[in-house]
Amino acid sequence: MIARDEVLARRARQLARSSGSSVRSEVALRVVVVEAGGQRLGLPVDALRQVVPLPPLTPLTAGSTWLRGLAQVRGELLGVVDLAGLLGLPPRGPCRSLAVVVPPRGPGPFGLAFEAVLGFREIRGDELAPELIRPERPIAALTRDLVAVLDPQRLAAAQGAPSAVDAP
Amino acid sequence: MNAEVWPLFLDEASLGLQTLERDLSRMVDPDPMPGIHSAFRVMHNLKGAARMAGSLPIEQVAHRLEDLLAAGRREGRVPLSTVDRVREGMGLLAALLAWPDSDPGVDAFLRSFEPPPPTPPAPARPVSAPPPAPDPPAPPAPPAERDAPRPLLRLDPARLEPLVDATAELRVVTARFTAHQGALDDALAELERIRRTAGGPVRAELGRALHTLSAVARAHRGDTTRLGQAVVGWSAAIRRVRMLPLEGAVPRWRLVVAEAAHTLGKEARLAADVGDLELDRQILEALHDPVMHLLRNAVAHGIEHPDEREAAGKARTGTVTLRAVPVGAMVALEVADDGRGLDPVRIRGRAVELGLLAPAERAGPAELAELLFAPGFSTTREADEVSGRGVGLDVVRRRVSELGGLARVVVGVPTGAVFRLEVPSSLVSTRGLRVRSGAVACVLPASYVARTLRADPADVGSVDGGSVLSPGGRAPMRLRWLASVLGVPRAADPHRLLVVVLADGDSAPVGLVVDELLGEEEFVTGRLPWNVPPLRGVAGAAVSPDGRVALVLDAPALVAEARAGEARPDPPQVAGPAARRRILVVDDSLTSRTLEKSILTAAGYEVAVEVDGEAAWDVLTAGGAPFDLVVSDVQMPRLDGLGLTRRIRAHAATERVPVILVTSLESEADLAQGADAGADEYIVKGRFDQQTLLDAVARLI
């Protein structure tokens with residue numbers, strides 16, 4: 001976990017070095033921005049099947065603490081994961097929404113429970129700050145205004161998926 | 001081997017061998033030519049496909065068999081020896097398809113063709129009709145019209161999965177329609193009551209509006225009924241698409257017996273009696289390995305060598321019988337052999353070696369038979385090449401149990417050995433009993449539910465570390481608490497225990513203590529999602545008509561575990577009330593707070609009530625047991641719901657307690673005020689229903 005002061009300091013150094021190109025770069029990512037554990041997180045639209053109000057959960061006593069339970073969306077059974085818990089973030093409020101995430105390289109869909117949907121966003125290349133990313137974490141990219149973009153494949157790997165591979 | 005096309009080739013070759021098996025039997029018909037022609041085409045296609053798939057051994061064997069069948073076409077008959085050679089070749093092909101890298105004796109088989117095969121003398125039981133009269137031989141003709149196979153649609157089974165999911169979704173939607181219809185009828189009845197108390201033009205206006213609404217409700221009721229019937233028909237159709245006749249798997253099983261006998265130098269045949277029974281394709285595919293293992297075991301461990309059989313007065317060729325019969329919603333498959341039978345002395349000796357039995361420990365036939373299913377159990381090494389290729393009996397039992405079935409040995413048979421598998425005939429929809437323990441709903445397959453009963457806790461004793469119930473006048477039964485299966489604390493036992501008696505056809509039923517019976521329903525067992533670890537005692541999950549997920553319990557495993565004494569110790573009863581979630585209901589209306597309390601209590605929550613915000617605040621800060629949630633009205637005397645919510649948010653001890661506001665105020669401004677005060681959910685009384693409240697509570701705690 002990177003301290004907030006360090007993040008701001010790195011950002012300030014980066015802005016000071018920035019050449020401030022006047023040409024806007026292409027859209028690199030399209031994400032749904034959600035709130036979990038008090039942080040803003042981006043879920044790539046390409047890996048999202050749908051976002052719905054959190055349905056009733058069947059609790060499970062086995063498995064990790066971030067595994068909230070079982071739910072069904074359109075007849076499909078899903079293991080629902082607390083996104084804040086999975087990322088090691090302290091809970092800030094009850095989870096009210098669920099995203100059905102389908103990683104492109106398997107092993108299958110899963111549910112992500114989080115506090116709120118904040119909106120949709122297109123992230124351009126020049127908005128990304130790659131220096132702050134750690135490859136072993138599910139966060140694949142960070143915007144300059146600290147929206148952490150999540151990698152669905154790494155999210156699956158964090159849950160113990162057997163064949164997830166980090167993106168090159 | 002071409003890995004890309006191999007799966008397709010495997011599929012085609014397996015179907016081809018099944019066709020060939022049928023064609024061989026047709027070669028004994030008065031007109032054997034259709035069978036000969038069909039067999040030739042199968043082998044010709046198989047040879048070409050094997051070349052494409054890059055399997056030289058299969059291509060070579062198929063080529064030799066094609067030559068034999070071509071000779072049969074020319075001569076208009078296929079003698080017994082050629083049929084035997086074709087069967088021998090089919091055994092090799094089956095072995096090569098199953099284990100492409102193995103060497104089941106292809107070179108020796110091919111070398112046997114190098115000198116021209118001797119033409120056998122006319123057999124005592126010719127498989128062909130006598131040669132035709134001296135007319136010129138008929139040119140190769142296509143098979144008779146009546147033999148032309150029906151066109152089939154080959155479908156990737158994975159494409160059926162979304163249809164099965166849609167079936168579950170449709171059932172949930174149908175249940176909601178039915179529930180809405182009930183609410184609509186109640187509302188119409190209430191409006192009628194109001195109309196009768198009204199007077200003047202209001203009564204007339206209400207009457208006209210009610211007339212229109214009633215017509216809509218009637219139409220809705222009809223549509224709901226038709227929707228329910230359509231869903232039932234859809235579900236049955238999906239079930240039919242998934243069903244496959246057991247008969248279709250027999251040729252492959254026959255080959256397994258032939259190949260095992262060939263490898264071990266024995267003589268054995270399969271006699272199949274499966275009638276027209278059908279099984280869900282997923283079940284049939286899952287049974288493939290377990291049945292193959294039982295068949296190979298029968299040949300390897302049961303059937304004696306031909307000389308030994310002859311000396312014992314038996315036919316040289318042993319018989320393995322596969323019989324299938326319906327048993328309610330299940331299908332029982334029995335694999336029997338006429339061999340030497342189970343040797344209790346050897347089984348016992350091996351069990352002692354493995355530490356499964358103490359040397360002086362007694363064990364009857366049933367207990368010894370159960371030991372065969374212990375991991376790694378085998379009484380012989382010589383058959384490992386055959387019976388060791390597949391899965392052990394412990395895995396057979398586990399795979400059958402995953403399907404909701406059971407595997408066991410039938411004891412007391414006069415000759416040979418009998419292994420019995422019982423599996424559901426369909427995975428699409430099965431009847432079950434839904435039960436609850438704590439906040440978790442579970443489903444038990446109805447085929448394992450013998451009865452339910454209420455029992456006095458005083459009738460529960462402890463034997464050998466486990467609980468035993470001795471209901472008055474009945475034989476004692478082992479008892480499990482569903483809470484212990486789920487790994488949750490057990491609630492304090494009520495005055496009477498609610499027990500579901502599980503039985504698998506054997507003599508000792510097992511009792512499962514639950515908190516509530518929720519009713520019978522049709523359910524579809526789905527696999528647990530990939531990110532959910534295997535749950536002991538749980539076979540899968542199912543979507544209930546109310547849209548919630550219920551855990552499908554592995555009834556056979558629970559029964560076997562309890563009988564074997566392997567169950568986890570039942571959790572001690574918690575002293576006093578169970579650790580249930582505590583909810584504070586605040587409302588100045590007696591009707592509202594009574595209704596809300598009854599809904600929440602029935603759902604398993606512990607509920608306290610207060611009449612206004614000030615009284616609620618006193619209780620929240622009194623220092624007693626904390627509350628997990630507050631459900632509050634807005635408009636109340638002394639301190640309203642908004643004021644109470646602001647105080648809850650402002651106080652460190654209560655700031656994290658979720659708050660649900662339940663009120664008749666529904667304007668945007670009212671909703672905004674609730675959110676500004678810090679409420680987590682806002683339920684409008686005009687749109688209030690039991691499920692809405694329960695869903696909101698479940699989301700928050």
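We use all heavy atoms of the structure for the numbers below, so side chains are in, but hydrogens, waters and symmetry mates are not. Chain letters run A, B, ... following the sequence lines, proteins first and then strands; every chain starts at 1.
Using a distance-only test at 3.5 Å, with no hydrogens or angles considered, no donor-acceptor pair links the side chain of W530(B) to the main chain of P107(A). Not a single donor-acceptor pair under 3.5 Å links the side chain of R96(A) to the backbone N or O of E681(B). At distances below 3.5 Å, not a single donor-acceptor pair connects side-chain atoms of Q72(A) with backbone N or O atoms of R548(B).
To the nearest 0.5 Å, atoms CG (L60(A)) and CG (L486(B)) are separated by 9.5 Å. Rounding to the nearest 0.5 Å gives a distance of 10.5 Å between CD of E115(A) and CG of D680(B).
Between chain A and the options A550(B), A542(B), P533(B), the largest number of non-hydrogen pairs under 4.5 Å is found for P533(B). Counting heavy-atom pairs under 4.5 Å between each of P109(A), S64(A), G69(A) and chain B puts P109(A) at the top.
Nearest heavy atom pair, residue N531(B) against residue L67(A), reads O-CD2, 3.8 Å.
For the pairing with V549(B), the side chain to side chain contact (heavy atoms under 4.5 Å, CB included) check across L57(A), L77(A), V80(A) returns one residue only, L77(A).
Residue L70(A) touches chain B through both its backbone and its side chain, counting heavy-atom pairs closer than 4.5 Å. Residue contact with chain A, scored on non-hydrogen atoms closer than 4.5 Å, involves the side chain of L528(B) exclusively.
The environment of R649(B) atom CZ is dense: over 12 non-hydrogen atoms of other residues, nucleotides or ligands sit within 6.0 angstrom.
A side-chain hydrogen bond (donor to acceptor under 3.5 Å, both in side chains) check over residues 45-57 of chain A, counting only residues at least two apart or in different chains, returns the pairs R49(A)-E76(A).
The salt bridge (charged side-chain N to carboxylate O under 4.0 Å, His left out) check on R434(B) picks up E521(B), D546(B), with sequence neighbours excluded.
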